[in-house]
Every structure is written in C-alpha cells, then in structure tokens.
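Notes for the one structure printed next.
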Amino acid sequence: MRRSLLRLGASSATHVLPPWPPPSYYNGGSSSKASNFQSTSAFSSNSRWVVVTNSLPPPEWVEPFNDVSDIVSSPQRFDPSPWVAQILNLLDGSPQMEPNLDFYCHKFLIKLSPNFVAYVLKSDDLRGKPETALRFFSWAGKQKKYHHKLECYVSLIELLCLCGDLDRIRCVVVELKNMNFLMNSNAANCLIKSFGCLGMVEELLWVWRGMKENGIEPSLYTYNFLVNGLVNSMFIESAERVFEVMEGGKIVPDIVTYNTMIKGYCKAGKTQKAMEKFWDMEGRNVEADKITYMTLMQGCYSEGDFDSCLSLYQEMREKGIEIPSHAYSLVINGLCKGGKCMVGYAVFEDMIEKGCKANVANYTALIDSYAKCGCIEEAMKLFKRMKSDGLEPDGVTYGVIVNGLCKSGRLEKAMEYFQFCQNNRMADNAMLYSSLIDGLGKAGRVDEAERVFEQMIEKGCPPDSYCYNALIDALAKCGKTDEALALFKKMEKEGCDQTVYTYTILIDGLFKEHRNEEALKLWDMMIDKGITPTAASFRALSVGLCLSGKVARACKILDDLAPMGVIPETAFEDMINVLCKAGRVKEACKLADGIVDRGREIPGRIRTVLINALRKTGNADLAMKLMHSKIGIGYDRWGSVKKRVKFRILIDI
DNA sequence: GTAGGGTTAG
C-alpha cells in the first residue's frame with residue numbers, strides 16, 4: 001500500500017484523475033452501496049478512473065463515505081492510509097495548499113469528521129511529525145460544520161507524547177481544558193497514559209479529577225497508567241498512596257502494578273523498599289514474573305549490590321522463570337566486578353548452555369576479572385575463545401587486555417596489542433595510553449613512559465588526569481620529583497583536572513625527599529580547592545609527618561578533617577603501624593595512649609603490632625602487660641558490661 | 001491497550 005501511495009503521490013499528474021465530483025456523488029450518495037467489484041471496474045474504465053494502487057479499491061470507493069469508520073470496518077478491509085498520507089504530504093510539502101485540503105477530502109470521498117481527524121492523527125505517517133500534525137489539527141478545527149471532539153485532542157496528545165514534545169502538549173492541554181468536554185473512560189485512560197509517559201503530573205491529576213467529577217470508575221489499566229505516570233515523574237510517595245488505595249479497594253494491584261511500584265523504588269534508589277514490595281507479593285497471591293526479577297536485579301546491580309543480584313538470579317532458576325540474556329549479563333558482570341571470576345565463568349557457561357549467545361561485553365567483563373585476579377593466562381584463553389566464537393573484540397576488550405598485560409608485567413605483549421590497535425585505527429584513547437604509561441612506570445621504564453606520553457600528544461590524543469597521574473607517579477617514584485611537579489603545573493595550564501590522586505602521589509614523593517613544607521603546602525592547596533581527601537591521601541601525609549617526628553601535627557590535621565565529614569577509618573592504625581615499623585615505638589605508644597584518652601578503642605590487630613614492637617625493642621615486660629590488659633569494654637559471659645579498662649602504656653616506661 | 005533490559009576498560 002505504501003508503495004502505491006508513493007506512486008500516486010509522485011506521479012499523479014501523469015494519471016488521469018477521476019471526474020470530479022464522481023457521478024455517484026452527484027447522486028447525493030444515494031446510489032446503491034451494493035455495487036459489486038465488476039461494476040466498479042467497468043465504471044472505472046469507462047470514466048477513465050485510473051487507480052494507481054496495487055490493490056484495487058473496493059466497490060465502496062465509488063460511494064461517498066460518511067466517515068472513516070465506514071472504510072475501516074468495510075468488509076474488504078480497505079486501507080485508507082495512502083489517501084491519508086497524501087493529504088499529509090500536501091500539508092507537509094506546501095503549507096499554502098491548506099485550502100485545498102477540503103477538496104482532497106472530497107476527492108477521497110471522506111467526510112471531515114472528528115473520527116477521521118482522530119484516525120489521521122493515529123496514522124503512522126504522522127509519527128515524528130508534530131508540526132504537520134498540528135497544522136492538520138488546526139486546519140480541521142477551522143472548517144465549517146466541523147468541531148473537534150475530545151478524541152481528537154486525545155489522539156493529538158498521544159502523537160505529541162511520542163515526539164516527547166512537552167511544550168506543545170502543554171499548549172494543547174490549555175486549549176483542551178477550555179473546551180470543557182465531558183470526560184469518558186477511554187479518553188481518560190489514554191490521557192493518563194500519555195501524561196504518565198512524560199511525567200506531566202499536573203495534567204495527570206487534572207484528568208484524574210475529571211474522572212471523579214464525571215463518576216468514571218477507574219479500571220485496573222487506569223490505575224496502572226496512573227501509578228506508572230507518578231513513578232516516571234518520581235512522585236514515589238503519591239504512587240505509594242494510589243497503591244494503598246488499590247489495596248483497600250475493589251480493584252487490587254496486579255503484577256503490573258507491583259512491577260511498576262518496584263521500578264519506582266529502584267529508580268529512587270530505595271532498593272530495600274523494592275525488595276519489601278517483592279516479598280509482599282507472595283502474601284497477596286501475585287506471582288513475580290521475569291519483569292519483576294529483571295527490575296529488581298537491575299536495581300540491585302546499579303546499587304552495587306551484586307550478591308542480591310545473584311540470589312535473585314538463583315531464585316529465578318529455581319522457579320523455572322525464563323532468564324533473559326540481560327539478566328545473565330548483570331549476574332556475570334556483578335560477579336566479575338566482585339572479583340569472583342570463577343563463579344562468573346560458571347554462570348557464563350550456564351548461559352550458553354541455555355541457548356543465550358555470549359556477547360563482546362560478557363567476554364570482556366570475564367577477561368577483565370580474570371586479569372585483575374592475576375590469572376592473565378585464563379584471560380588470554382578467553383580472549384582467544386572469544387575470537388574463535390566469531391566475536392570481534394572492541395575497543396573496551398583491547399583496553400582490558402592491554403591493562404591486564406601491563407599489570408601482570410607483560411609489557412612487550414601489551415605494547416604489541418597497543419600497536420595492533422594503532423594499526424587498526426581503533427581505540428586510540430587515553431585509557432590505553434594510561435595503562436601503558438602506568439605499566440612502564442611501575443616497571444621502572446620511566447623514559448619509555450615519558451615517550452608514550454609525548455607520543456599521545458603528537459597523535460592528537462590529549463592526556464587526561466589518569467595519564468598525567470601515571471607519569472607523575474612514575475617520575476616521583478624514581479626520585480624525579482621536580483619533573484613530576486613540572487607536570488603537575490602543566491596539568492593546570494592545559495586545563496586538566498588535578499585529582500586527589502595527583503596530590504597524594506606528590507605529597508608522598510615530597511615527604512620521601514624530606515621536603516615537608518612543600519608537601520604540607522600541597523595538602524593545603526588540595527583542601528582549598530575543595531578536593532576531598534581520601535584515606536590514602538591522609539596516609540601519605542600522616543606517614544610523612546610521623547616519620548619526621550610530627551605526630552601531633554598529623555593528629556591536628558586529622559581533627560580538622562572531621563568537621564568536613566572526612567574520617568579516615570584507619571588513620572591511627574596507619575600511623576601506629578608506620579611508627580612501629582620505623583622502630584619509633586615510644587612515639588607509637590604515646591599515640592596509642594592519646595587515642596585511649598580520647599575514649600576510643602585500639603583494635604586488636606594494632607595491639608598485636610604494638611606488642612611485637614615492644615618485644616623487639618627490649619620492652620618485653622611492657623609487652624606482656626599490654627598482652628594481658630583489657631582495652632575497651634569487657635563483657636561477662638551473660639553479656640552485660642563488666643568493666644571498662646583503660647591501659648596506658650607510657651606511664652610505665 | 002499497562003511493567004524490565006544506561007550491561008565491558010585506565
């Protein structure tokens with residue numbers, strides 16, 4: 001039909017148009033509708049009626065239709081879309097043709113009616129053409145003896161909804177509100193669906209009120225559309241309330257309502273609530289389906305809760321619910337990210353066994369995980385298998401391979417793959433370069449790392465903070481601190497963000513060269529820039545300070561961090577550790593006493609560190625005393641608090 | 001006629 005329409009539209013001039021108006025129209029449409037196909041053909045050829053469709057028009061064609069519904073429901077199932085399309089082509093191509101539309105309507109024997117207008121607005125030809133639709137709508141509205149009905153607006157809004165055209169919909173809604181139509185259930189459902197899709201809550205509630213005022217009972221679909229609409233616009237609590245109303249009413253929530261609500265909780269990051277809703281289902285005799293599980297798994301996955309993801313998957317298996325390939329991917333990725341590559345691989349094999357084909361992302365995730373677990377051989381085997389499986393590794397796969405090889409010290413192999421990427425004009429990105437720079441730097445091949453850095457600039461790939469950090473680290477670790485600082489300055493000049501890692505590397509490097517004041521200056525600069533320190537960055541600072549005998553200063557800086565909401569959990573532990581390692585047991589003990597004085601407990605492992613350090617430095621008595629002492633709160637065997645013992649070490653030294 | 005599928009890298 002589409003083909004014939006194009007021919008009609010494109011070459012109508014070369015065809016002979018029917019006499020206008022057609023003879024039957026002259027008869028006021030009163031001639032018999034029973035005209036059979038033969039007679040139509042005869043009539044057509046006699047009157048030079050050339051029809052350019054592949055399917056011949058039905059006998060009804062020669063009759064003036066009263067309405068589009070006549071055509072659609074005709075026994076021949078006559079499809080008027082070519083004619084509709086031609087009208088729209090005209091509108092689309094030349095706005096000045098508007099006045100002729102009336103003529104075309106007559107030509108196609110279609111009477112302009114609200115049903116017809118609604119029909120046209122629903123046609124595929126208007127998909128993605130809001131302008132044309134609106135022009136048609138407003139043209140129709142201006143015609144004599146024609147008035148839009150509610151359904152016309154509904155269709156227009158549905159269409160604009162598909163285009164995501166919020167502003168235009170709002171304009172249409174303003175007009176619609178002024179029309180004061182009587183709401184009906186079908187229109188209300190459609191409107192709630194449309195407004196819900198776009199999260200237009202105000203309009204949604206306007207329809208809902210309209211329904212109430214007109215005594216229209218919401219159906220299950222209405223409720224579900226409403227809940228979906230509220231959820232899509234993140235009105236989770238409102239959705240919750242509708243859900244509660246349903247639970248207490250005649251129309252109880254079904255699987256779709258539950259799934260929608262679960263989706264809402266997941267979207268809002270309330271995974272726990274989503275799980276509760278899921279558990280509720282059982283008691284309400286609503287069976288969870290694959291959508292329920294998928295929604296929950298997706299939610300858990302994006303929260304980083306891979307364990308729940310896995311147990312949901314296992315539950316699906318136990319229940320015999322069909323497992324979509326995306327579910328396998330989530331589970332495999334989750335396991336890979338959690339460092340459980342073996343289990344991930346088992347699921348992967350399971351997936352293949354169940355008939356789901358593995359994809360590039362599945363393989364890549366597994367390769368990465370194996371490489372990160374130190375099983376580079378296994379990773380390379382998977383890489384080989386992937387290729388023999390007919391899958392073409394992508395930029396990410398090569399990124400993972402190059403990084404894995406670098407981290408395992410197989411730099412020559414990594415460079416081979418890097419070269420392969422370059423030759424094949426793929427994945428020439430900062431990620432590949434940073435892996436390589438880091439690998440070379442860690443292997444002490446700093447000159448080469450620098451060359452790679454230069455090379456990327458020459459190739460027009462600007463280094464990002466990862467590349468800078470990798471090279472700065474390489475330089476700082478081999479004592480080229482000034483070069484590292486020069487790069488740090490260059491970073492700022494080039495507009496590349498200096499991160500907490502950049503500062504950590506440099507602070508560490510400066511302390512190692514006993515350039516304490518410079519290191520402290522960098523720390524302050526970092527804080528001033530609003531960069532949140534990490535545990536690692538504080539460790540670099542505190543270790544440097546402790547080893548230069550400034551334990552109190554480190555403690556002071558730590559205290560200053562607390563109001564900023566930064567509390568490095570292992571700060572004291574790290575400091576005591578480093579002091580003990582350096583044989584400065586007295587300072588370590590003093591720090592421990594200070595911690596106890598603040599009313600905090602010393603963890604068992606730190607006590608062990610202290611005990612060993614005391615023994616090593618010839619303070620066996622003190623070590624014994626510390627071993628037998630109780631620090632923190634003691635409990636008796638009935639569980640009640642027995643005593644609180646504070647043991648201060650230095651008093652006895 | 002309603003509900004799920006931004007999956008992989010430094």
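Just so we're on the same page: letters track the sequence lines, and every chain starts at 1.
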Rounded interatomic separation in angstrom, taking CD1 from I332(A) and P from dA9(B)
14 Å
Once salt bridge (charged side-chain N to carboxylate O under 4.0 Å, His left out) is applied, what residue pairs with a partner in residues 148-158 of chain A remain, sequence neighbours excluded?
K122(A)-E158(A)
A correct 5'-to-3' footprint of nucleotides 2-7 of chain B, with B, S and - meaning base, sugar-phosphate only and no protein heavy atom under 4.0 Å, is BBBSBB
List the residues meeting side chain to side chain donor-acceptor pair (under 3.5 Å) with K387(A), not counting sequence neighbours, and say none if there are none.
none
With a 3.5 Å cut-off and just heavy-atom distances, do the side chain of D464(A) and the base of dG10(B) make a donor-acceptor pair?
yes
Among residues at least two apart in sequence or on other chains, which ones pass ring pair (Phe, Tyr, Trp, His ring centres under 6.0 Å) with Y223(A)?
W208(A)
Partners meeting side chain to side chain donor-acceptor pair (under 3.5 Å) with N224(A) (sequence neighbours left out):
D254(A), T257(A)
Distance check: side-chain N/O of K372(A) vs OP1/OP2 of dG10(B), anything under 4.0 Å?
yes
Can you classify the ring geometry of Y398(A) versus Y417(A) as parallel (below 30°), tilted (30 to 60°) or perpendicular (above 60°)?
tilted
Excluding sequence neighbours, so at least two apart, what forms side chain to side chain donor-acceptor pair (under 3.5 Å) with K459(A)?
Q422(A)
dG10(B) base to S434(A) side chain: any donor-acceptor pair below 3.5 Å?
yes
So A327(A), base contact, sugar-phosphate only, or nothing? Heavy-atom distance under 4.0 Å.
nothing
